[in-house]
Every structure is written in C-alpha cells, then in structure tokens.
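I have placed the structure first, in the form of structure tokens, so that the comments after it can refer back to it.
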Amino acid sequence: MQLNIKDTFNKELPSDPNTDNTRRQVAEATHSYVTPKKPSNPQLIHASKEVAHAIGLEEESLMSKDFLEVFSGSKIYPKTKPYAMAYAGHQFGNWAGQLGDGRAINLFEVEHHHNRWAIQLKGSGETPYSRQGDGLAVLRSSIREYLCSEAMYHLGVPTTRALSLMLSGDDVLRDMLYNGNADYEKGAIVARVAPTFIRFGNFELFAARNDIKNLKKLTDYTIKYFYPELGAPSKETYIRFFEAVTQRTLQMIVHWQRVGFVHGVMNTDNMSILGLTIDYGPYGWLEGFDFGWTPNTTDRENKRYRFGNQPNIGLWNLLQLANALYPLVEEAEPIEAILNQYQIDFENQSLQMMRSKLGLQVAMDGDTKLIRDFEDCLLQAETDMTIAFRLLSNYKKGYPENGLELIENAFYKPEALNEEKPNLWKVWFKSYDQRLQKEELTDDERQQKMNTVNPKYVLRNYMAQLAIDEADKGNYDVVNELFQLLKKPYDAQPEHEKWFAKRPEWARHKVGCSMLSCSS
C-alpha cells in the first residue's frame, strides 16, 4: 500500500512540545502529537472504493493487512506523526474555551492528482483534548457518520468524506441518552477524509488568547494551501479570505435547506473553514416538513439549531470567525459589509433554489408568494418533505384538480386534512398551474430538471437505525445496501422502491429514529 505523503499542517505550523497524552491546556500550538490506541481486534466492515481512488489507493489495497492496520490505528504509516488539532469554539451560543480533537486523530496528508487530502481516524483513543471523554466511538454513531458522509457527497452537498468503517474489537461504555443508563456497545473507527479539517474554532483559539503571531501563521497557511487564488498575505487578502469562507458557508447551508438536512450541532468548532459539512452527530432529514425541528435532544428546549434557523446560525458563526480574524484586519467596515451581503445573497440563492425545486426556470415577481404558500400547505398536516417535492415533479400542466391526489402519499395521515385544508392545496395547485403556463419547458423536461434537485432517497434516521440494528448482530448487508442506494439519490432505482417511503410509525419515537443525543 503506497501513499504519496505530503504533510504540511504538522510540519509548517507550531506543535505542542509536550508529547505526553494527558488532558491539558495547550498554548501557542496548532496541534499535539499523539499515537492512536491500538484496537484489540480490528475488523473492516466497509470501505469506499471511490474515496480510496481519490487518495491514490487501488481497490485491492482495501483488503490488505496494511490497510486494516493503518486505518484502524494499529500501525503508524512510515515517516508520519499522527496528531490531534487544537481549537476552541462557541457551543450552543456560549464560549467553551479550548476544545480540540477529543476523539479524532489526524494520521497524515496525501497528495494525489494535484488534490490534497487529510485523513483522520474518529474513535481511535484519547488525546490531550479529550477532557472527560475516552476518545472512542461506538458502532452506532460510526455507521451514521460513514453512511451520511457519502450520502451527502452524492446529493451534491459539500462534505467531508469517509474512507472506511471498522470494528475495534473493544467494547465502549456509553450513556446514549444522558439519563444515567450507561451500557457497553461495540467500538468502531471511521477514517474520515477532507482537504483539511481546520474549523472556525482553530482561529478562535488563538484570537481568544491574543496570540496574534500564531493566528497569522494559521491564516497564512490556510490561504496558501486552500485559497491560493487570493494571493500573498495582506490585509486585503484576509478580507477576501473571510468573504470566500462566507460564500462557501452560505452555499453549504442552501444545500442543507434544499435536501431537508438538519445538522443538529452547528457549534463554531463544527464549522469547516472550507464550507464542508463536518462532524456528523445528531443529524437528521426532515420527515414531516417543519421549520422548528431539531434532531438533537440537547437542543430540544431552545431549538437553536432547528431546520429553519440554520441560515441564521451560519451568519452568527461567521460573525464569531470575523471577530477572530479582526486582529489581522483591524477594520470593521469591510467585514460588516460581507456579513450584510450574506443576508442578501442567502435570500436570493434560497429563492433560486426553491424555484428549482418547483421546476421554475424563469424568475417572476410572484414566485416568493407561490413558494411561501406551498410551504404553508406542507405545514397544514404532517407532510413528508422529500416525498412531496419528488412527487410534485409528476405534475402535468392543465390539470390542477389532480394535484392533491398526486402528492397524497406524502401525507402521514391523509385523514388529518379536513375540508379547509384540501381547499388550500387546490387553490395552490391552480396558482402553480397558472405559473407553469408561463414556462417554456414541457412536462417531461420540467420533471427531469426537478428530479436533479429533489432527491428520491435520503438517509432517514430510521434507515440508519435498521442498518445499525443488523450490524449489532454482525450482519452488514443493510449498511452495504444503503451505501449503494445513496450513491444515486436522484435516480428512480425501482428495485429499491421500499426506501422511497415515509418514516414508519414504529420509528416515530424510537431512540435513534427521531431525536438523538450528542453522545457517541
């Protein structure tokens, strides 16, 4: 197994001189060197051939002893030094101070076909940043992360990737719902892949400590490798850097809203500097369309990270990044202008995104009202977002009276639509039909376009839970079936029609299928 190692983060940035693996505050360093914990009996459950190819591995390498040992943390790849990153962050709106990679260990960076990839193990043991944690992960959360990373990629959502999913052979004690009922679960390790795992919190750490020297080093490094088009470091470059991060973050969240994805923990330490979806914890896809839904039990009361608030939280987090970068700019006006532009751009891009979901190609004045009226209809009774938008693509111009029947399968309880509610839908379909008459696309052309932005298949929590339940018994068939299914989320895949279905009633309140905790 040969990899083209090109480590930069741990070679060009300051490391922690203390190499003891003890919990501590780490100053004036971007990372601490740490060795992964050797698993007692690693076993490969699944690996992504696509991600393997991206980092320069042939398919046969995936079944090698080398692959098993390196990506389980059993063996250190030659001439590399694994490390955990130091960062801080705001958690649920409150400053949390130093956080860091508490259960992630970065193995190395690889360059392949002029692309740079950082590879880290999640669940491979404690680090100086583990605080009270053990640095381990369980099979349950690891399956969710592995499947979701790849599902999001194929949905067209900017994301980190996943290379492999392994059992460690060790049991891990977890209190799944934070209710005092801890139990042992199977330990697991995911190899995660991204150009970099630098977060907003990396910058916040240095800014909070007034360590401007290292704040500048980190920012210059990030621009050099990930935003080289911005040019040499200068005040103007730092402003352009913040603007580029703002735009990437905005685009990522527009994609989240498009597919109905709710991250669940949009803390600043979970915000990628590249605008990638990172750290898959208590995420979920909307089942019933609901702006107020959050999948996170920890967020149940305040719903800070609810679906409808994700754009606002993106802006709030960018403000924290702006505060961290301010010492390099020392001028508020250009930063404020970028943040104000985020709000304008988000409104425009969201409107355009919703037009595409409804099959509208031409921008017209009444579109905002048409979209809001559609959302109001979705909120009248519990209506599955994914199914409703997908079925809407079957609509034929000139037949508004058939509209409600067309999307009937999206309603969880059709009987809940009283006399008044079907009328709202009928009024909307008449407006929609009149609007479509102003478009040049044929019904088939519109359907084709709608089906490229409205997925048929998403990783619903109950689906992930079915894979987890079977994997707990040693059967990984459902993991593989979902992995293959979610590679083509926009395709009809009639052989997989059973997954194009509303959440079953048994999953409504089942642990792992509705609300989830941050614990893993």
Side-chain angles (χ1 to χ4, degrees), residues 155-156 257-260 285-291 350-458 460 488-504:
L155 281 166
Q257 305 301 103
R258 174 177 65 83
V259 299
W285 265 267
L286 289 186
E287 305 278 4
F289 184 76
D290 179 2
F291 288 113
S350 292
L351 175 58
Q352 192 51 42
M353 176 268 287
M354 289 300 292
R355 279 194 184 106
S356 71
K357 284 180 75 66
L358 292 178
L360 309 177
Q361 302 299 304
V362 184
M364 293 189 179
D365 287 345
D367 290 349
T368 300
K369 184 179 186 308
L370 184 74
I371 290 163
R372 283 185 183 152
D373 288 349
F374 182 65
E375 291 170 344
D376 286 344
C377 285
L378 291 174
L379 292 165
Q380 291 303 309
E382 191 179 12
T383 311
D384 189 284
M385 175 182 171
T386 302
I387 295 175
F389 275 105
R390 186 72 181 197
L391 292 178
L392 188 64
S393 72
N394 296 322
Y395 183 78
K396 306 295 183 193
K397 280 189 282 193
Y399 298 94
E401 65 277 6
N402 296 343
L404 187 57
E405 186 183 337
L406 196 71
I407 63 165
E408 190 176 12
N409 282 342
F411 300 121
Y412 277 83
K413 295 178 180 175
E415 65 276 11
L417 287 172
N418 60 34
E419 287 182 18
E420 181 188 338
K421 289 171 182 174
N423 283 335
L424 285 171
W425 275 106
K426 286 171 185 173
V427 168
W428 185 82
F429 271 108
K430 280 182 184 174
S431 301
Y432 184 50
D433 190 78
Q434 288 166 6
R435 176 65 181 80
L436 290 180
Q437 301 296 343
K438 299 169 185 175
E439 296 275 335
E440 292 183 2
L441 294 182
T442 66
D443 288 333
D444 286 347
E445 288 169 338
R446 184 183 72 258
Q447 180 177 43
Q448 205 170 4
K449 284 190 175 292
M450 288 175 72
N451 286 351
T452 63
V453 293
N454 295 316
K456 182 173 181 180
Y457 302 103
V458 294
R460 299 166 183 269
K488 296 179 178 178
Y490 299 100
D491 290 5
Q493 299 192 70
E495 70 278 17
H496 291 303
E497 197 73 20
K498 68 176 181 180
W499 297 117
F500 182 55
K502 300 184 289 285
R503 174 199 58 227

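Computed from a prediction, not measured in an experiment: that's the story for all the values here.
- The salt bridge (Lys or Arg N to Asp or Glu O under 4.0 Å) contacts involving residues 385-395 comprise nothing, where partners must be two or more places apart or lie in separate chains.
- Lys369 is linked by a side-chain contact (heavy atoms from CB on, under 4.5 Å) to Asp373, counting only residues two or more places apart in sequence or in another chain.
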Which side-chain N or O atoms in residues 377-389 pair as donor and acceptor under 3.5 Å with protein atoms at least two apart or in another chain?
| residue | atom | partner | partner atom | Å |
| --- | --- | --- | --- | --- |
| Gln380 | NE2 | Asp376 | O | 3.2 |
| Glu382 | OE1 | Arg508 | NH1 | 3.3 |
| Glu382 | OE1 | Arg508 | NH2 | 3.0 |
| Glu382 | OE2 | Arg503 | NH2 | 2.9 |
| Glu382 | OE2 | Arg508 | NH1 | 3.3 |
| Thr383 | OG1 | Leu378 | O | 3.1 |
| Thr383 | OG1 | Ala381 | O | 2.6 |
| Asp384 | OD1 | Thr386 | N | 3.1 |
| Asp384 | OD1 | Ile387 | N | 2.9 |
| Asp384 | OD1 | Arg460 | NH2 | 3.0 |
| Asp384 | OD2 | Tyr412 | OH | 3.1 |
| Asp384 | OD2 | Arg460 | NH1 | 2.7 |
| Asp384 | OD2 | Arg460 | NH2 | 3.2 |

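- With contacts defined as side-chain heavy-atom distances shorter than 4.5 Å, the pair Asp491/Tyr457 does not qualify.
- What you find for Asp443 and Lys397 is that their closest heavy atoms are OD1-N, 3.2 Å.
- No side-chain donor-acceptor contact under 3.5 Å links Tyr432 to the backbone of Gly403.
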Residues 424-431, side-chain donor-acceptor partners within the protein, below 3.5 Å, at least two apart:
| residue | atom | partner | partner atom | Å |
| --- | --- | --- | --- | --- |
| Trp428 | NE1 | Leu370 | O | 2.9 |
| Ser431 | OG | Val427 | O | 3.3 |

Could you pull out all donor-acceptor pairs under 3.5 Å where a side-chain atom in residues 350-364 meets a protein atom, sequence neighbours excluded?
| residue | atom | partner | partner atom | Å |
| --- | --- | --- | --- | --- |
| Ser350 | OG | Phe346 | O | 2.8 |
| Gln352 | OE1 | Arg355 | NH1 | 3.2 |
| Arg355 | NE | Asp367 | OD2 | 2.6 |
| Arg355 | NH2 | Asp367 | OD2 | 3.4 |
| Ser356 | OG | Met353 | O | 2.6 |
| Lys357 | NZ | Arg258 | O | 2.7 |
| Lys357 | NZ | Asn454 | OD1 | 2.6 |

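- Distance CD/Glu408 to CG/Leu404: 7.0 Å, rounded to 0.5 Å.
- Legend: residues meeting salt bridge (Lys or Arg N to Asp or Glu O under 4.0 Å) with Lys502, ordered by chain and number and at least two apart, are absent.
- Applying the salt bridge (Lys or Arg N to Asp or Glu O under 4.0 Å) criterion to Glu375, with sequence neighbours excluded, gives no partner residue.
- Contacts of Glu497 classified as salt bridge (Lys or Arg N to Asp or Glu O under 4.0 Å), with partners at least two apart in sequence or in another chain: Lys456.
- No more than 12 heavy atoms of other residues, nucleotides or ligands shown are found within 6.0 angstrom of CD on Glu440.
- Qualifying side-chain hydrogen bond (donor to acceptor under 3.5 Å, both in side chains) partners for Glu401, counting only residues two or more places apart in sequence or in other chains: none.
- Inter-residue side-chain proximity for Gln437 and Glu439 is flagged as unmet; no heavy-atom pair is nearer than 4.5 Å.
- Among residues two or more places apart in sequence or in another chain, the side-chain contact (heavy atoms from CB on, under 4.5 Å) test is passed with Ala501 by Tyr462.
- Of all heavy-atom pairs between Val259 and Leu155, the closest is CG1-CD2, 4.3 Å.
- Within 6.0 Å of atom NZ in Lys396, more than 12 heavy atoms from other residues, nucleotides or ligands are found, so the atom counts as buried in its surroundings.
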Please lay out, stage by stage, how Gln447 and Glu445 fare under the test side chain to side chain contact (heavy atoms under 4.5 Å, CB included).
CA-CA 5 Å; Gln447 180 177 43; Glu445 288 169 338; over 6 Å; no
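- To the nearest 0.5 angstrom, Asn451 atom CG is 10.5 Å from Tyr490 atom OH.
- Here Tyr395 contributes atom OH and Leu391 contributes atom CG; the two are 14.5 Å apart, rounded to the nearest 0.5 Å.
- Under the side-chain contact (heavy atoms from CB on, under 4.5 Å) criterion, Asn402 pairs with Tyr399, not counting sequence neighbours.
- Lys438 is linked by a salt bridge (Lys or Arg N to Asp or Glu O under 4.0 Å) to nothing, counting only residues two or more places apart in sequence or in another chain.
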